[in-house]
Amino acid sequence: MSHTKEINRRRTFAIISHPDAGKTTLTEKLLLYGGAIQVAGAVKSNKIKKTATSDWMEIERQRGISVATSVMGFEYQDTMINILDTPGHQDFAEDTFRTLTAVDSVVVVIDVAKGVEPQTEKLVKVCRMRKTPVIVFINKLDRPGKDAFELMDEIEQKLGLKVTPLSWPVGMGGDFRGVYDMIRKNLNLFDPGSQIVEKGISFDDLSDPELENYIGSQAELLREEQELVDAVYPDFEVDDYLKAEISPVFFGSALNNFGVKELLDNFINIAPIPQGRESDIRFIEPTEDQFTGFVFKIHANMDPNHRDRIAFVRVVSGSFKRNTNYLHIRHNRKLKFSSPTAFMAQKKSIVEEVFPGDIVGLHDTGNFKIGDTLTEGEILNYKGIPSFSPELFRYVENADPMRSKQLSKGIDQLMDEGVAQLFTGKHTGRKIIGTVGALQFEVIQYRLEHEYGAKCRYQPITLYKTAWFVSDNDTQLNDFRARKSNQIALDKEGREVFLADTPFALQMAQEKYSDIKFYFTSEFDS
Ligand code: G4P
């Protein structure tokens with residue numbers, strides 16, 4: 001098959017949601033359609049449940065699961081679909097942000113009763129920033145929930161997405177009768193428990209009195225609502241969706257496998273094929289001959305005796321081949337991989353060649369960190385995997401002086417994996433760990449001990465934010481450095497950050513040093 005054909009038949013996306021909206025259930029149903037799994041219940045949830053916050057074995061177990069479900073590839077109607085898993089727990093939101101850099105589109109799952117929840121808001125904001133096309137799936141229609149129009153309004157307001165429905169529910173909860181597929185003009189009737197998708201009943205014209213025979217008194221309401229839908233929402237244009245200017249909305253019930261096939265069939269028709277990516281020197285098209293890709297996730301081996309890791313690389317252009325030399329840009333070193341893995345049907349297997357849109361897993365003994373670029377020789381770096389200013393901070397200290405080497409190696413590697421960020425006081429030399437969630441501190445302590453034989457303890461620090469800063473005005477910069485010397489630290493790349501202890505301190509610095517720019521993500525040049 002030609003390179004272009006391979007690209008055109010791929011779709012790489014993530015399903016995002018607030019925990020419990022039904023992401024795992026929907027993923028599982030999609031895998032069932034692809035024949036990637038045979039029975040329901042085969043996909044374990046990659047969510048760290050709230051109750052597990054102090055249960056380390058649970059976290060380890062979950063980490064094991066998340067290796068298996070990091071990428072789920074399957075074929076459906078000659079389309080190669082890659083679903084990239086994202087952790088639901090908010091403490092791991094940064095993992096999700098990074099995964100979003102490796103997909104070309106997303107499906108957002110919303111619980112019909114709960115509507116738009118905070119985690120969904122945060123994640124969709126990132127999609128909007130990146131102009132990632134979004135499809136919305138409103139789930140759990142078999143349960144009572146919010147009115148469909150009300151939900152559409154809520155999505156527009158809270159998520160900032162312009163929406164247009166492509167299917168419309170007939171009732172909900174106990175009265176849920178089915179969904180009207182507005183593209184195929186089919187009425188799909190809901191049969192709880194059957195799990196079998198019947199072919200829809202064609203209704204080109206909803207005024208057909210036959211409609212009453214299927215949905216009784218709800219027919220009139222459907223007609224009225226459809227009139228309103230026609231009047232209120234714009235026609236769906238694929239190009240607008242691809243430009244992330246409009247989001248189609250589908251209704252269904254993942255648990256009952258209802259509305260899922262419609263979602264999947266529409267998805268493969270409209271979702272974007274693998275897209276190129278911006279690098280620091282130029283935009284790279286997927287159709288280019290030469291391989292390029294970037295690391296968006298690193299997963300440590302579960303077995304402490306084998307401290308190797310898997311680096312997940314998104315292929316952007318060309319094709320990645322086994323046993324071929326590629327340039328690791330940051331190290332300026334050629335590397336060759338004898339057992340690159342792909343993730344098909346939930347199985348890892350060694351692959352000879354993978355294409356743009358695919359994710360390849362590379363065994364790594366410590367060469368990679370998140371954001372690294374691999375190419376066939378061209379010197380370029382992919383952009384767009386920023387570190388965000390963490391929200392929680394603690395000093396980290398060595399609790400076992402005999403193991404200081406192990407501690408620094410452990411911290412180093414955990415930071416490369418993107419578990420947290422490390423800052424070192426420029427003058428004090430004290431090490432500060434910054435995270436987005438409280439859970440990470442405990443994960444770090446646990447993993448340092450179990451994987452590296454090192455012990456750390458934390459000390460509190462009053463810190464509001466870390467801000468990277470730059471300026472062309474050397475006078476201001478030097479004055480700032482001199483006055484704030486105790487509040488300046490270096491990140492892992494040696495870049496200076498300002499440790500602002502309060503919002504006020506930050507504001508004062510911004511006002512006083514007007515020529516200094518303060519940034520809250522590390523990719524401030526993008
Ligand atoms: P998540 O990955 O987004 O966190 O959600 P998940 O799929 O685990 O679903 C959360 C809960 O919602 C699960 O119930 C699941 O069975 C249920 N659910 C998913 N889709 C639907 C639906 O369409 N209708 C209804 N009524 N429920 C749905 P649970 O009791 O928390 O877990 P489980 O014991 O059933 O696995």
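Note that the structure is a prediction, hence the values are computed from the model and not measured. Ligands are counted one by one from 1 in listed order, and the atoms in each one are counted from 1 as well.
Phe312 carries Lys297 over the face of its six-membered ring, with the cationic atom under 6.0 Å from the centre and within 45° of the normal.
Checking only distances, Lys140 does come within under 3.5 Å of ligand 1, N or O to N or O. Residue Pro19 has no nitrogen or oxygen atom sitting less than 3.5 Å from a nitrogen or oxygen atom of ligand 1, judged on distance alone. Any N or O atom pair closer than 3.5 Å counts here, and Ala254 shares at least one such pair with ligand 1. Residue-to-ligand polar distances place Leu255 within reach of ligand 1: an N/O pair is separated by less than 3.5 Å.
Heavy-atom contacts of Thr24 reach the following atoms of ligand 1: 1 (P), 2 (O), 7 (O), 8 (O) (cutoff under 4.0 Å). Those atoms of ligand 1 that come under 4.0 Å of a heavy atom in Ser253, given as number and element, are 22 (C), 23 (O), 24 (N). Residue-ligand proximity, Ser17 to ligand 1, at heavy-atom distances under 4.0 Å covers atoms 3 (O). Remark: ligand 1 atoms within the under-4.0 Å shell around heavy atoms of Lys23 are 1 (P), 2 (O), 3 (O), 5 (O), 7 (O). The atoms of ligand 1 that sit less than 4.0 Å from any heavy atom of Asp20 are 1 (P), 3 (O), 4 (O), 5 (O), 10 (C), 12 (O).
Salt bridge annotation for Arg314-Asp358: absent, with no cationic side-chain nitrogen under 4.0 angstrom from a carboxylate oxygen. A salt bridge does not link Glu262 with Arg184: none of the charged nitrogens is closer than 4.0 Å to a carboxylate oxygen. Using a 4.0 Å cut-off between a side-chain N of Lys or Arg and a carboxylate O of Asp or Glu, Glu6 and Arg10 qualify as a salt bridge.
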Check: residues 131-145 side-chain donor-acceptor pairs under 3.5 Å, at least two apart:
from, atom 1, to, atom 2, distance (Å)
Asn139, OD1, Ala254, N, 2.7
Asn139, ND2, Ala21, O, 2.8
Lys140, NZ, Asp20, O, 2.8
Lys140, NZ, Asp111, OD2, 3.3
Asp142, OD1, Ser253, OG, 3.4
Asp142, OD2, Asn256, ND2, 3.3

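The proximity of Asp142 to ligand 1, defined as any non-hydrogen pair under 4.0 Å, is limited to the side chain. Neither the backbone nor the side chain of Val109 comes within contact range of ligand 1; no heavy atom lies under 4.0 Å.
With respect to Arg98, the side-chain hydrogen bond (donor to acceptor under 3.5 Å, both in side chains) criterion is satisfied by exactly one of Asp95, Thr96, Thr101: Asp95.
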Practice item. Could you walk me through whether Phe13 and Phe267 pass ring-ring contact (aromatic ring centres under 6.0 Å, His included), step by step? Key: CA-CA 10 Å; Phe13 77 111; Phe267 173 82; 4.3 Å; yes

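Crowding of Tyr458 atom OH: a count of heavy atoms from other residues, nucleotides or ligands under 6.0 Å exceeding 12.
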